[in-house]
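Mind looking over this structure? Questions follow.
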Amino acid sequence: MPLKLYNTMTRRVEEFAPLEPPTVRLYTCGPTVYNYAHIGNLRTYVFEDVLKRALQWCGFRVRHVMNVTDVGHLVSDADEGEDKMALGAQREGKTVWQIAQFYWDAFRADLRRLNILEPDVWCRATDHIAEQIAQVRALEEKGYTYVVEGDGVYFDTSRLPDYGKLARLDIAGLQAGARIELSAGKRNATDFALWKFSPPDKKRLMEWPSPWGVGFPGWHIECSAMALKYLGDRLDIHCGGIDHIPVHHTNEIAQAECALGHEWCRWWMHGEFLTLPKAGNETARMSKSSGEFLKLDLLVEKGYDPLAYRYFCLNAHYRQQLAFTWESLDAAANAYRNLKRAVLDLRRDGAEPAAPDEALLAPFRQAVEDDLNMPRALAAFWAALKNADGAPPPAVHATLLEMDRVLGLGVAEMHEEALAVDEAEIDRLIAERAAAKKAKNFARADEIRNRLQADGIELMDTPQGTTWRRA
Ligand code: AMP
Ligand code: ZN
């Protein structure tokens with residue numbers, strides 16, 4: 001069976017075939033490094049990692065490039081607002097360069113903890129200013145740009161008949177809606193900055209000379225310029241979160257296809273959002289610039305294994321929204337722990353090298369090939385683990401290892417000590433729970449109880465204090 005993937009461009013699940021098999025040229029939009037990644041961002045990187053592992057598992061050779069956005073772009077998609085990097089530097093009393101390095105390192109540490117394979121090439125926007133200027137020049141030479149005095153160089157989207165094809169944008173509607181705000185010099189609602197000028201009276205923390213004046217690149221140009229440099233003029237797959245469809249990826253396509261003069265990328269794949277439930281039935285998007293977000297460090301501080309978060313992500317298909325709650329994370333942590341226990345039991349029964357069991361593997365393979373259906377793939381993993389048909393334990397173990405090449409749940413690294421609960425940690429949590437109760441912070445107290453329960457530790461409140469036992 002061939003690998004089938006959903007393509008945002010065609011809105012269909014299609015058989016995947018790269019241009020030059022077995023090579024797959026994969027570009028994934030990387031982090032903006034003015035703050036930590038939140039667990040919503042990380043859900044997207046987990047999805048992309050599963051995609052990459054699945055491609056490798058299916059025999060493709062993946063060349064993967066990821067950018068690091070370290071230029072101080074503006075807070076809104078509309079090329080307005082404050083510079084995010086400068087805000088970060090101000091907040092922390094560091095230089096913008098220190099901020100970028102610090103949060104890039106933090107991001108890589110998050111990837112490692114989540115078993116996410118690193119790209120073959122990391123490319124920083126600030127190391128590729130010349131490439132970005134070259135692409136803007138190419139667009140200028142072909143007549144796709146115009147200058148707004150005192151503002152920047154803009155892309156004229158009306159010059160491109162199929163602008164907005166990825167998002168199927170209603171250009172006429174957008175244009176009608178924005179007529180009043182267009183007075184600032186932008187010709188069309190969808191036009192976007194390729195190069196922004198520094199204000200004449202102010203020195204920006206990050207700025208570079210260019211043929212049009214001192215300034216900094218627009219947000220979208222780095223990806224199309226660096227993808228061209230590292231992957232050539234045709235990509236096989238380009239990924240990101242769904243928020244990138246209407247603006248960022250739409251503009252990347254406009255720039256690349258106008259500069260190159262041909263189709264740029266065949267497959268566009270997008271991960272749905274991780275949401276935070278709000279009061280009522282509403283959900284909120286987790287957003288980095290709002291300042292309110294959950295990071296992986298917080299999960300670790302609360303005692304969760306980062307791979308339990310990966311397991312949590314795999315429980316939903318990447319094209320479905322996933323609502324984050326502590327209860328559902330607890331359920332995933334519990335399931336992941338049971339999975340580890342079962343793997344270790346199996347290993348005790350026999351882990352001599354063996355070939356995977358094809359019958360056990362078949363449903364897993366079907367799930368992966370069916371647009372990366374990880375909930376079904378996990379079910380196949382569990383079915384293999386339960387092994388109702390009685391395959392020899394070494395063959396089952398080999399099957400699980402084979403499946404884990406896609407799942408990335410660390411099956412090969414699982415060992416007994418990792419399951420042993422640290423008793424000092426239990427005592428610390430019990431003390432913290434008592435303090436929380438005293439302070440009437442019952443939510444935290446319950447959270448600690450649930451957390452320990454997920455680890456198989458049951459708390460018992462007695463008049464003498466709290467004791468515990470293994471459930
Ligand atoms: P950023 O660092 O803001 O550029 O975002 C990094 C990646 O995370 C991009 O691919 C975004 O589309 C994605 N992303 C942002 N918010 C979320 C979210 N709540 N859930 C899943 N992915 C997200
Ligand atoms: Zn991008």
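Whatever order the structure lists ligands and atoms in, that order sets their numbers, starting from 1. Both backbone and side-chain heavy atoms feed into the values below; hydrogens, waters and symmetry mates do not.
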Report task. Step through it carefully: locate the ring centre of His238, locate the ring centre of Trp267, and say whether they are under 6.0 Å apart. Result ->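 No; Trp267 has its ring centre 6.0 Å or more from that of His238.
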Query - Proximal candidate to atom 8 (O) of ligand 1 [heavy atom criterion; set Val33, Thr275, Asn41] - result: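 Result: the heavy atom closest to atom 8 (O) of ligand 1 is in Asn41.
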Requested in this report: Compute the minimum heavy-atom distance from Pro31 to ligand 1 and say whether it is under 4.0 Å.
Outcome: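 For ligand 1, residue contact (heavy atoms, under 4.0 Å) with Pro31 is present.
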Query - Interatomic distance, Asp156 atom CG to Leu139 atom CG [nearest 0.5 angstrom] - result: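 Rounded to the nearest 0.5 Å, the CG-CG separation comes out at 11.5 Å.
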Query raised in the report: Can you tell me if Arg168 uses its side chain to pair, donor with acceptor, with the backbone of Met9 under 3.5 Å?
Result: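 Yes; judged by distance alone, with no hydrogens or angles, the pair exists.
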Query raised in the report: Quick check: does His244 put an N/O/S atom under 2.8 Å from the Zn ion (ligand 2)?
Result: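 No - counting backbone and side chain alike, His244 has no N, O or S atom under 2.8 Å.
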Report task. Find the distance between CZ (Arg53) and CZ (Arg405) and round it off to the nearest 0.5 Å. Result ->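 Nearest 0.5 Å value for the CZ-CZ distance: 10.0 Å.
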Requested in this report: Answer yes or no as to whether an N/O/S atom of His249 is found below 2.8 Å from the Zn ion (ligand 2).
Outcome: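 Here the distance criterion (N, O or S atom, under 2.8 Å) is not met by His249, so no.
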Query raised in the report: Closest heavy-atom contact between Leu429 and Arg444?
Result: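 Heavy atoms only, the tightest pair is CD2-NH2, 4.4 Å.
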Query raised in the report: Below 3.5 angstrom, do we get any N/O pair linking Phe273 and ligand 1?
Result: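 Looking only at distances, the answer is no, because the N/O contact criterion of under 3.5 Å is not met.
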Query raised in the report: Looking at ligand 1, does His38 have a heavy atom less than 4.0 Å from it?
Result: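 Checking ligand 1 against His38, which is what was asked, there is a heavy-atom contact under 4.0 Å.
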Query raised in the report: Which ligand 1 atoms, with their elements, are less than 4.0 angstrom from a heavy-atom of Thr44?
Result: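 In order of number, 10 (O), 13 (C), 21 (C), 22 (N), 23 (C).
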Query raised in the report: Phe107 pairs by ring-ring contact (aromatic ring centres under 6.0 Å, His included) with which of Tyr45, Tyr36, Tyr34?
Result: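 Only match with Phe107 under ring-ring contact (aromatic ring centres under 6.0 Å, His included): Tyr45.
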Requested in this report: May I ask you to check if any N/O/S atom from Cys29 comes under 2.8 Å of the Zn ion (ligand 2)?
Outcome: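 So Cys29 counts as coordinating the Zn ion (ligand 2), yes.
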Requested in this report: Run down the list Gly40, Gly241, Gly271 and name the one with the heavy atom closest to atom 10 (O) of ligand 1.
Outcome: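 That would be Gly241.
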Query raised in the report: What are the two closest heavy atoms between Ala436 and Ala445, and how far apart are they?
Result: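 Looks like CB-N, 4.1 Å.
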Requested in this report: Would you mind listing which atoms of ligand 1 come within a distance below 4.0 Å of any non-hydrogen atom of Gly240?
Outcome: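 Near Gly240, meaning under 4.0 Å from one of its heavy atoms, ligand 1 has 10 (O).
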Report task. Report, in ascending order of atom number, the atoms of ligand 1 lying under 4.0 Å from any heavy atom of Asp243. Result ->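 Close to Asp243: 11 (C), 12 (O).
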Query raised in the report: Is the His270 to His249 ring centre distance short of 6.0 Å?
Result: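 Yes, ring centres under 6.0 Å apart.
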Query raised in the report: What does the angle at the Zn ion (ligand 2) come to, between atom SG of Cys223 and atom NE2 of His248, rounded to 10°?
Result: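 Reported to 10°, the angle equals 110°.
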Query raised in the report: Got a sec: is Glu252 within less than 2.8 Å of the Zn ion (ligand 2) via an N/O/S atom?
Result: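 Under 2.8 Å: Glu252 contacts the Zn ion (ligand 2) through an N, O or S atom.
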Query raised in the report: Asp305 pairs by side chain to side chain donor-acceptor pair (under 3.5 Å) with which of Arg113, Arg310, Lys340?
Result: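 When side chain to side chain donor-acceptor pair (under 3.5 Å) is applied between Asp305 and each of Arg113, Arg310, Lys340, only Lys340 qualifies.
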Requested in this report: Check ligand 1 against Thr32 and write out every atom of the ligand that is under 4.0 Å from a heavy-atom position of the residue.
Outcome: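 So the atoms of ligand 1 that pass are 1 (P), 2 (O), 4 (O).
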